[in-house]
Amino acid sequence: MALGHRMRSVFTVLFIAAALLLTASCHDLNPQSTTPYMNRTDVQEKICNGVSGTYTASLSVGYTGFRADGQIDALHVIQLGSAAYIVGRHDNPFVVLNSFPVSLLSRVIADPNLAALLASQANATLTLPYSIVGDGPETHTGSIETVLSPYTFTVTDAAGTSHAVTLSFNKTSIIAGINADDSTTWRLSSLNLDLRSISVDGRIVQQFGALHSGNASFMVRYRGEKR
C-alpha cells in the first residue's frame, strides 16, 4: 500500500516536471515580441505629424564635370535661391520636393547629345517616402530617413524619338537626433541628393561619384525651415 502510494507520488512529480518542461519549450519556440518604442503607432503618428508641413529651403548645387582634356574640372557651387518641399503626415509619409534642377545636369554629362536634351528640361518634382527609425529597441531617439527613389522622365531627340531617362541617387538622406520626448527636434531640416547614375532606356550611360573620386559628381542640397 505504502509502495503504491510512493509510486503514485513519483509519477505525479514526473508528470509535473514534464509539463513544466513542455511549457518552457513552447515559450522558447514562441517568444514574446515587443514593438520597439520608436516603432509604436502612437509614437510614429505624433512625430510624423509634428514633422509634417511646408518647408522653405535654400537650394544649392555642387558639381564636377570633365574638361576638354578629359580631366575632372574643379568643383562648382551654385546657389539657386529659395525652394520648397512638403512633408506629409503619418497617413501620407512622403516628401514632395520641388525645383530639382534637371537642366544643370547638362554641365556634367559626357554625351553632348544627351547634355543638349537635358539643358532644356524644366525643374522636376520628386516624391520620396520617409520614415522614423529608432536608435534601439527601447530608446526614445532616432532619425528621419528619406528614401531617394529613382526619378524617370521622358525626353525627345531631334528625330522625334522619345527616350526614358532615369536618375538614380544615393539610397537615403538621414536626419539624426530625433527625440520622441522633444517636439523641437521633429524637423526634416535638410535633404541631400547625390547623383549616382543616369540611364537612358534602361541602360546606364554615365556613373557619378563623390568629390575626388575620379568621376563626375552632382550634388543637390536643400536646407529648410518649417513655415
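Note that the structure is predicted; figures quoted are calculated from it, not measured.
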Check your understanding: Hey, does the side chain of Lys226 reach the backbone of Ser52 with a donor-acceptor pair shorter than 3.5 angstrom?
Key -> yes
Point to revise | Spatial distance of atom OG (Ser82) from atom CG (Asn98) [nearest 0.5 Å] | key: 11.0 Å
Exercise for review: Check which hydrophobic residues are tied to Val96 through side-chain heavy-atom contacts below 4.5 Å, counting indirect links as well, and list them.
Suggested key: Ile86
Point to revise | Lys/Arg-Asp/Glu bridge criterion (N-O < 4.0 Å) met for Lys171, Asp194 | key: no
Check your understanding: What is the distance from atom CG of Leu195 to atom OG of Ser168, rounded to the nearest 0.5 Å?
Key -> 8.0 Å
Practice item. Starting at NZ of Lys46, measure out to OG1 of Thr41 and round the result to the nearest 0.5 Å. Key: 13.0 Å
Review point. Is the CZ atom of Arg227 crowded by more than 12 outside heavy atoms at less than 6.0 Å?
Key: yes
Exercise for review: Please lay out, stage by stage, how Arg221 and Val61 fare under the test side-chain contact (heavy atoms from CB on, under 4.5 Å).
Suggested key: CA-CA 6 Å; Arg221 303 287 184 260; Val61 177; over 6 Å; no
Point to revise | Aromatic ring proximity Phe100/Phe169, centre distance under 6.0 Å | key: yes
Check your understanding: Roughly how far apart are Ile144 CD1 and Ile178 CD1, rounded to 0.5 Å?
Key -> 4.0 Å
Check your understanding: Between Asp42 and Arg40, is there a salt bridge with N-O shorter than 4.0 Å?
Key -> yes
Check your understanding: Roughly how far, to the nearest 0.5 Å, is CG of Leu188 from CD1 of Ile174?
Key -> 11.5 Å
Review point. Which side chain to side chain donor-acceptor pair (under 3.5 Å) pairs, counting each pair once, include a residue from residues 103-121, with sequence neighbours left out?
Key: Tyr63-Arg107
Exercise for review: Kindly compute the distance separating CD (Gln207) from OG (Ser217), expressed to the nearest 0.5 Å.
Suggested key: 14.0 Å
Review point. Would the Phe218 and Phe208 ring centres measure less than 6.0 Å apart?
Key: no
